[in-house]
Number of protein chains: 2
Amino acid sequence: MVSTNLLKGSLQTIVLKLLKENGRMYGYEITKKVEELTAGKVILTYGALYPVLHKLEAEGSVVTESENHKNRTRIYYSLTRAGQSIMKEKMKEMKEFLDAISQILNPSPGFNHV
Amino acid sequence: MVSTNLLKGSLQTIVLKLLKENGRMYGYEITKKVEELTAGKVILTYGALYPVLHKLEAEGSVVTESENHKNRTRIYYSLTRAGQSIMKEKMKEMKEFLDAISQILNPSPGFNHV
DNA sequence: ATTATATATATAAGTAAATTGAATATGCAA
DNA sequence: TTGCATATTCAATTTACTTATATATATAAT
């Protein structure tokens, strides 16, 4: 499993992006989706995920609908317009970060040896 | 500037990798190198960097040599064998993390619409 | 002269964002 | 009737930073 402390700071972005790609989702479903997408390499713990969902709701980035499925409550989350715009910003930041990281960790091969 | 909270968890790896690429370096030099490599987008603060360097030394991943340059102390850090092996592990984890992130954030285009 | 900027390291206090662990509750398969 | 999957919640703790402050010298600008 991927060292989860690398996830610090990226969890909000991941959640927002998944909601964008998949429409409304509930918490448990999000953890399963992440497991699936990463072939079991990334496990979102509930202690990490639910506080993020609650925070996004408090901020107005997502809205919720409670539904009952086999006597269990599912709380569906979906992006608001504000949430979509925040997602776009976060995705932009994330891409810059990934570029920066790759500049540091994968220095242009052949370039420093001319 | 890249939102620095995205760096959480990657700082140790960055430092270890830079020491591998550049041989021995001192703290101030490391911050300048990161600035240079990322075109000023990532600024390592000293409050983040020096504790990491001290931790790496305490763990035996790096060793230090103090030198005097223009009446200022420079503390050069270089990788030990143990540090090189830890760097390799961390780089592997980092790559898996980056792969995982890109699976989540850049779902295979065209694949979900067949 | 003196002010500002660059070089160089250190550490304490505070905060954000996780981890870990426990609690609650139901459906279904072995 | 035991265990696993489903589904959410929250408190206590830990990690890994940020922010702010301190110390000290060299050099360029005004």
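Proteins come first, then strands; the chains are lettered A, B, ... in the order of their sequence lines, and each starts at number 1.
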Review point. Can A:K32 and A:E35 be counted as an ion pair, charged N to O under 4.0 angstrom?
Key: yes
Exercise for review: Look at A:R24 together with A:E67 and state whether they make a salt bridge at an N to O cut-off of under 4.0 Å.
Suggested key: yes
In whole angstrom, what separates [X]'s [atom1] from [N]'s [atom2]?
| X | N | atom1 | atom2 | result |
| --- | --- | --- | --- | --- |
| A:F97 | D:dC17 | CZ | P | 10 Å |
| A:I14 | C:dA18 | CD1 | P | 9 Å |
| A:I30 | D:dT6 | CD1 | P | 15 Å |
| A:L44 | C:dT20 | CG | P | 14 Å |
| B:L49 | D:dC17 | CG | P | 10 Å |
| A:K33 | D:dA7 | NZ | P | 15 Å |
| A:H54 | D:dT9 | NE2 | C1' | 7 Å |
| B:E29 | C:dA6 | CD | C1' | 15 Å |

**Study point:** A:I101 vs B:I14 side-chain heavy atoms within contact, under 4.5 Å
**Key:** yes
Please tell me if [X] has a side-chain N or O lying less than 4.0 Å from either OP1 or OP2 of [N].
| X | N | value |
| --- | --- | --- |
| B:K55 | D:dA16 | yes |
| B:Y46 | C:dT9 | no |
| A:T73 | D:dA7 | no |
| A:H69 | D:dT6 | no |

What nucleotide, of [options], holds the atom closest to the side chain of [X]?
| X | options | result |
| --- | --- | --- |
| B:Y28 | D:dA26, D:dA7, C:dT9 | C:dT9 |
| B:Y50 | C:dT9, D:dT18, D:dA26 | C:dT9 |
| A:L11 | C:dA18, C:dG27, D:dC17 | C:dA18 |
| B:T45 | D:dT6, D:dA26, D:dT19 | D:dT19 |
| A:A48 | C:dG27, D:dC17, C:dA18 | C:dA18 |
| B:I75 | D:dA26, C:dT9, D:dT8 | C:dT9 |

Point to revise | Verdict with reasoning, A:Y46 to A:T31, per side chain to side chain contact (heavy atoms under 4.5 Å, CB included) | key: CA-CA 8 Å; A:Y46 306 121; A:T31 68; 3.6 Å; yes
Exercise for review: Determine the contact category for B:R72: base if any of its heavy atoms lies under 4.0 Å from a base atom, sugar-phosphate if only primed atoms, P, OP1 or OP2 are that close, otherwise nothing.
Suggested key: base
Exercise for review: Name the residue closer to the 5' end of DNA chain C, choosing between A:P51 and B:P51 according to the nucleotide with the nearest heavy atom.
Suggested key: B:P51
**Study point:** Steps toward side chain to side chain contact (heavy atoms under 4.5 Å, CB included) verdict (A:M91, A:T13)
**Key:** CA-CA 7 Å; A:M91 283 293 291; A:T13 311; 3.9 Å; yes
Check your understanding: For DNA chain D, whose closest nucleotide is more 5', that of A:R74 or that of A:G47?
Key -> A:R74
Review point. Could you go step by step and tell me if A:E36 and A:K33 meet the side chain to side chain contact (heavy atoms under 4.5 Å, CB included) rule?
Key: CA-CA 5 Å; A:E36 180 202 319; A:K33 191 70 181 176; 3.8 Å; yes
